[in-house]
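Only one structure is covered here, and it is reproduced in the block below.
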Amino acid sequence: MALTQITAGGLADDSVDSDAYVNTSIDAAHLASGVAHGWKRLTSANADDDTEIDLETGIGATYDIYMIQGFKIKPVGNNATFKCRLKIDGSYKTDSSYSINVAIRDGTSTSYVAVASTTYDYIHVSGSATGSGSVETLEFWLYFYNPTATNTRKGIHGRTLQQYSGGGLRAGYPSGFYNDSAAALTGVRFLFSGGNIDSGHFALYGLVS
Amino acid sequence: MAEKLYRNVDGVKVELTAEEVEATLAERAADKVKQEANQYIYDRQSEYPSYADQFDKIFHEGIDKWKETIQAVKDAHPKP
């Protein structure tokens with residue numbers, strides 16, 4: 001990073017602050033491409049009674065870290081499991097080769113409950129059922145790395161917050177990976193058990209670290 | 001008429017093929033059976049006291065009192 005001190009007119013009253021610098025390593029090309037050191041939104045989708053949400057655009061070798069944010073996610077049917085599947089080697093994997101672990105804690109409990117398995121056919125994101133009541137929603141932040149590598153298993157990890165009936169909040173810490181291939185990851189799919197995704201906003205971001 | 005289902009790919013709706021609809025409905029049916037069979041496990045897990053509280057109960061009140069506490073949760077959420 002190249003820093004240049006502001007020596008005149010740096011402050012509102014035109015005085016000089018000896019601690020004021022400009023980062024001159026961020027040039028117009030960086031700003032235009034969005035690959036400067038900040039999150040860039042790559043794609044997004046608003047659920048509207050959809051069976052599945054797929055996020056694919058922008059996944060590649062450009063970014064070091066990818067993040068998917070989901071807000072106000074709500075299932076059509078009550079008490080649905082929120083699932084994630086990975087597109088590996090060109091197709092969304094549905095066989096029982098996902099290794100998953102999710103720890104969850106209710107607002108009323110002092111201990112964590114874990115769901116763990118090496119034979120799931122999806123990654124369990126929320127760890128418990130998501131309700132469809134008026135106040136119930138699911139929010140999540142999920143991360144993945146090096147999607148184009150062909151010598152590592154591909155997975156995601158992150159955290160969730162679930163507003164459940166009665167006004168409580170449930171915190172979750174999911175992680176999971178597909179354990180039967182090291183091929184490139186080119187998409188991430190979300191779906192609910194039992195029915196469609198009624199509503200919610202999904203967005204994929206990339207970061208150059 | 002067959003049910004219409006849609007996949008949302010990067011914000012664009014795409015109708016599922018008949019084969020995909022069939023697979024989706026089959027998965028949902030299997031999920032329902034699994035969820036009904038396992039719901040008691042999740043219900044019990046969220047109501048058991050923390051390990052620290054359980055050890056504390058055993059230390060202060062003995063194994064039988066601890067068993068009563070655990071049994072009450074099991075009775076409230078019986079296996080189907």
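Values in this document were obtained by computation on a predicted structure and should not be read as measured data. Each chain gets a letter, A, B and so on, in the order the sequences are listed, and its residues count up from 1.
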Shortest non-hydrogen separation from [X] to [Y] and the atoms involved:
X	Y	result
Q35(B)	N79(A)	NE2-O, 2.9 Å
S193(A)	D31(B)	CB-OD2, 3.2 Å
A45(A)	G11(B)	CB-N, 3.5 Å

Close side-chain approach of E52(A) and E20(B), heavy atoms under 4.5 Å: no
Sub-4.5 Å side-chain heavy-atom contact between D48(A) and N8(B): no
Leading residue by heavy atom contact count with chain B [cutoff under 4.5 Å; candidates T94(A), N196(A), N46(A), D106(A)]: N196(A)
Closest-packed option against chain B by number of heavy-atom pairs under 4.5 Å, given G195(A), A203(A), S128(A): G195(A)
Interface moiety of E27(B) toward chain A, non-hydrogen atoms closer than 4.5 Å: side chain
Which portion of I41(B) sits near chain A, non-hydrogen atoms under 4.5 angstrom: neither
Gap between atom CZ of R28(B) and atom CG of L191(A) - 0.5 Å precision: 8.0 Å
Spacing of K13(B) atom NZ and T51(A) atom OG1 [to the nearest 0.5 Å]: 8.0 Å
Chain A neighbours within residues 70-80 of chain B, where any heavy atom lies under 4.5 Å away: none
Heavy-atom proximity to chain B below 4.5 Å, by part of R105(A): neither
F71(A), CZ: over 12 other non-hydrogen atoms inside 6.0 angstrom: yes
Atom CD of E22(B): over 12 foreign heavy atoms under 6.0 Å: no
Inter- and intrachain pairs under ring pair (Phe, Tyr, Trp, His ring centres under 6.0 Å), touching residues 146-199 of chain A, at least two apart: F82(A)-F190(A), F82(A)-F192(A), Y98(A)-Y178(A), F140(A)-F190(A), Y143(A)-H157(A), Y145(A)-H157(A), F190(A)-F202(A)
Electrostatic pair E56(A):R7(B) at N-O distance under 4.0 angstrom: no
